[in-house]
Amino acid sequence: QVQLVESGGGLVQAGGSLRLSCAASGPRLRSYDVGWFRQAPGKEREFVAAIDWSGVDTYLADSVQGRFTISRDTAKNPVYLQMTVLQPEDTAVYYCASSGRGTMTLQRYEYAYWGQGTQVTVSS
């Protein structure tokens with residue numbers, strides 16, 4: 001069982017930056033892929049970014065390309081989502097998740113383990 005914990009959310013003005021962290025409570029994340037998703041009020045949960053176990057393969061949704069970066073440290077725990085040039089439409093609860101495998105996936109249904117989420121609010 002992988003237990004994930006997000007941190008780093010908060011309130012920021014448009015154009016600002018935040019860095020979210022995803023850490024594992026229990027088995028370490030070093031062997032697992034990690035994905036970031038977000039869910040705004042009244043909307044479906046959407047894919048944001050993913051990274052494989054090695055940190056070599058990454059993928060970002062078109063909506064955040066050029067503004068967000070996903071990375072993991074040399075010990076591969078935690079995983080970071082660096083968010084820059086934030087806009088009000090980025091306001092959402094951000095979740096990290098893992099499929100429990102090494103290769104990354106973009107498919108929400110393949111993610112078996114989820115954190116509780118962290119709120120990101122961007123004011124205009």
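Fair warning: this is a prediction, and the values are worked out from it, not measured in the lab. One-based numbering along the sequence shown.
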Evaluate the criterion side chain to side chain contact (heavy atoms under 4.5 Å, CB included) for residue pair Asp57 and Ile51; output intermediate values, then yes/no. CA-CA 6 Å; Asp57 288 334; Ile51 191 166; over 6 Å; no
Taking the side chain as everything from C-beta on, heavy atoms only, tell me whether Gln82 gets closer than 4.5 Å to Leu18. no
Using a strict cut-off of less than 4.0 Å between a Lys/Arg side-chain nitrogen and an Asp/Glu carboxylate oxygen, indicate whether Arg108 and Glu46 qualify as a salt bridge. no
Under a 3.5 Å cutoff, is there a donor and acceptor pairing between the side chains of Glu110 and Thr105? yes
For the residue pair Ser99 and Asp33, what are the closest heavy atoms and their distance? OG-OD1, 2.8 Å
Could you give the distance from CZ (Arg38) to OG1 (Thr91), rounded to the nearest 0.5 Å? 9.0 Å
In terms of side-chain heavy atoms, does Asp52 have a donor or acceptor partner in Thr103 at a distance below 3.5 Å? no
Validate the cation-pi geometry between Arg45 and Trp114: distance from NZ or CZ to the six-membered ring centre under 6.0 Å, angle to the ring axis within 45°. yes
Find out whether Gln39 and Tyr95 are in side-chain contact, i.e. whether some heavy atom of one side chain is under 4.5 Å from a heavy atom of the other. yes
Go through the side-chain N and O atoms of Thr121 and Gln119 and say whether any donor and acceptor fall under 3.5 Å apart. yes
Residue pair Thr118 / Leu20, side-chain heavy-atom distance below 4.5 Å: yes
Please test Arg67 against Leu60 for side chain to side chain contact (heavy atoms under 4.5 Å, CB included), starting from the C-alpha separation and ending with a verdict. CA-CA 10 Å; Arg67 300 189 299 122; Leu60 294 165; over 6 Å; no
Correct closest heavy-atom pair for Ala50 and Tyr111 would be CB-OH, 3.7 Å
On a heavy-atom basis, the closest approach of Gly100 and Tyr113 is CA-CE1, 4.0 Å
Are Phe47 and Phe37 close enough that their ring centres sit under 6.0 Å apart? yes
If you compare all heavy atoms of Ile70 against all heavy atoms of Val34, which two are closest, and at what distance to 0.1 Å? CD1-O, 4.0 Å
Are Tyr59 and Met104 side-chain neighbours, meaning at least one heavy-atom pair lies under 4.5 Å? yes
Intermediate values then yes/no, side chain to side chain contact (heavy atoms under 4.5 Å, CB included), Val122 and Gln13: CA-CA 5 Å; Val122 185; Gln13 289 187 329; over 6 Å; no
So Cys22 and Trp36, do their side chains get closer than 4.5 Å, heavy atoms only? yes
Considering residues, nucleotides and ligands other than Glu44, do more than 12 of their heavy atoms fall under 6.0 Å from its CD? no
